[in-house]
2 protein chains.
Amino acid sequence: MRPEHKNVPALPPSPHGGENCRAVASVLARVGDKWSVFVIMMLINGPQRFNELKRKINGISQRMLTLTLRGLERDGLVTRTVFPTIPPRVDYELTDLGRGLAQPVQALGKWAFEHLPEIEGARTSFDARSGKD
Amino acid sequence: MRPEHKNVPALPPSPHGGENCRAVASVLARVGDKWSVFVIMMLINGPQRFNELKRKINGISQRMLTLTLRGLERDGLVTRTVFPTIPPRVDYELTDLGRGLAQPVQALGKWAFEHLPEIEGARTSFDARSGKD
DNA sequence: CCGTATCCCGACTGATACTG
DNA sequence: CAGTATCAGTCGGGATACGG
């Protein structure tokens, strides 16, 4: 088994960009991934141990946390440091690349937060429309 | 059946933010959605007809395009204008909100594009590591 | 041309149990 | 404590066919 965490299935070539589109999309997929964003946010504060993250995110399964961290590690966004002690200890920390990614992500989050009312309003009225009428 | 296009399953409460976290996450999910981003990008150029989008994105199924557009419409990011002619014609256009979202999304895309080499490099070396050794 | 309904498969994910 | 393996359920998403 080699999870790779996310499919990144590849997109059919687009008429304009083509190659790069796919690659960019794979990064967007990372961001869109529910857990990845949370982990990144958690790690902004500094290194965290496995179970700390698990506890703080509270709702993620051990499996998913592992897969998420693997994916982030694979993309060079976090580092995994093992202390061969007993009991074992593993720290996860954001790389410079990861911290760089955190910026636009936070910008997006900021936008999302600021426009939540509009979006939720739109959703509500849309649902009202399609519910009856 | 009422697809709603995306689950937005709700996140368990986080220790710090709580409520807002969930909502912001739902917006992030929109962005992370493969097709949504493409549609938004397409619509930056101006209004487009259904089959135009379908043709340009080339690889999206009719079903997914419909669902994606529904989701964007629901969030107030695009408008759907029906011309009751024969044959029918439907134009999709970005709202101001949608154009606003396009900004941070493009910023993210820009970042992704600029750091593609690093990320792909990280992926390659990671895969090499876990492949053998 | 635009959209919906149905079928169906594969991928994601949670629960659980087991190793170092 | 950190991580892997297995199983089973759910659901996203493509293909197709039909309705307006």
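Basis for what follows: all heavy atoms, side chains included, without hydrogens, waters or symmetry-related copies. Chain letters run A, B, ... following the sequence lines, proteins first and then strands; every chain starts at 1.
- Applying a 4.0 Å cut-off to non-hydrogen atoms, none of the residues of residues 75-87 of chain B approaches DNA chain D.
- You won't find any donor-acceptor pair under 3.5 Å spanning the side chain of Q62(A) and the base of dG14(C), going by distance alone.
- Using a cutoff of 4.0 Å between basic side-chain nitrogens and carboxylate oxygens, R30(A) and D33(A) are not scored as salt-bridged.
- Taking atom CD on E73(B) and atom P on dC2(C), their separation rounds to 15 Å, with Å as the unit.
- Looking at heavy atoms from C-beta onward, Q48(A) lies in side-chain contact with K56(A) at the 4.5 angstrom threshold.
- Summary for the helix from dC1(C)-dG20(D) to dG20(C)-dC1(D): the axes at its two ends, each from 5 pairs, differ by 40° when rounded to the nearest 10 degrees.
- A distance-only check finds no donor-acceptor pair linking the side chain of T68(A) to the backbone of S36(A) [under 3.5 Å].
- OP1 or OP2 of dC1(D) has not a single side-chain nitrogen or oxygen of Y92(A) nearer than 4.0 Å.
- A heavy-atom distance below 4.5 Å is not found between the side chains of V90(B) and F83(B).
- Among dC1(D), dG20(D), dG14(C), the nucleotide with an atom closest to any side-chain atom of P88(A) is dC1(D).
- For F50(B), the side-chain atoms get nearest to dC2(C) when compared with the rest of dC2(C), dG14(D), dT4(C).
- Atom CG of L69(A) is separated from atom C1' of dT13(C) by 16 Å (rounded to the nearest Å).
- Between atom CG of residue L77(A) and atom CG of residue L69(A) there is a gap of 11.0 Å, rounded to the nearest 0.5 Å.
- Of the candidates dT4(C), dT4(D), dC2(C), dT4(D) carries the atom nearest the R70(A) side chain, counting heavy atoms from C-beta on.
- Distance NZ (K54(B)) to C1' (dG14(D)): 11 Å, rounded to an integer number of Å.
- To the nearest angstrom, C1' of dG3(C) lies 14 Å from CG of L53(B).
- Considering only heavy atoms from C-beta on, D75(B) stays 4.5 Å or farther from L97(B) through its side chain.
- Within the structure, every side-chain polar atom (N or O) of R49(B) is placed at least 4.0 Å from both OP1 and OP2 of dC1(C).
- Under a 3.5 Å cut-off, the side chain of R80(B) and the backbone N or O of E73(B) do not form any donor-acceptor pair.
- Note: CG (L67(B)) to C1' (dT4(C)) measures 10 Å, nearest angstrom.
- Atom CD of Q48(B) is separated from atom P of dC1(C) by 15 Å (rounded to the nearest Å).
- Although no hydrogens or angles enter the test, the distance criterion places no donor-acceptor pair under 3.5 Å between the side chain of T79(B) and the main chain of T95(B).
- Put simply, NZ on K34(A) is 13 Å from C1' on dC11(D), counting in whole angstrom units.
- To the nearest angstrom, C1' of dG3(D) lies 11 Å from CG of L65(A).
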Applying salt bridge (charged side-chain N to carboxylate O under 4.0 Å, His left out) to R129(B) and D127(B), what does each step give before you reach the verdict? CA-CA 5 Å; R129(B) 263 179 216 297; D127(B) 291 347; over 6 Å; no
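- Listed pair R63(B) / dT16(D) fails the phosphate criterion, with no side-chain N or O lying under 4.0 Å from OP1 or OP2.
- Taking 4.5 Å as the limit, some side-chain heavy atom of M42(B) sits within range of a side-chain heavy atom of I57(B).
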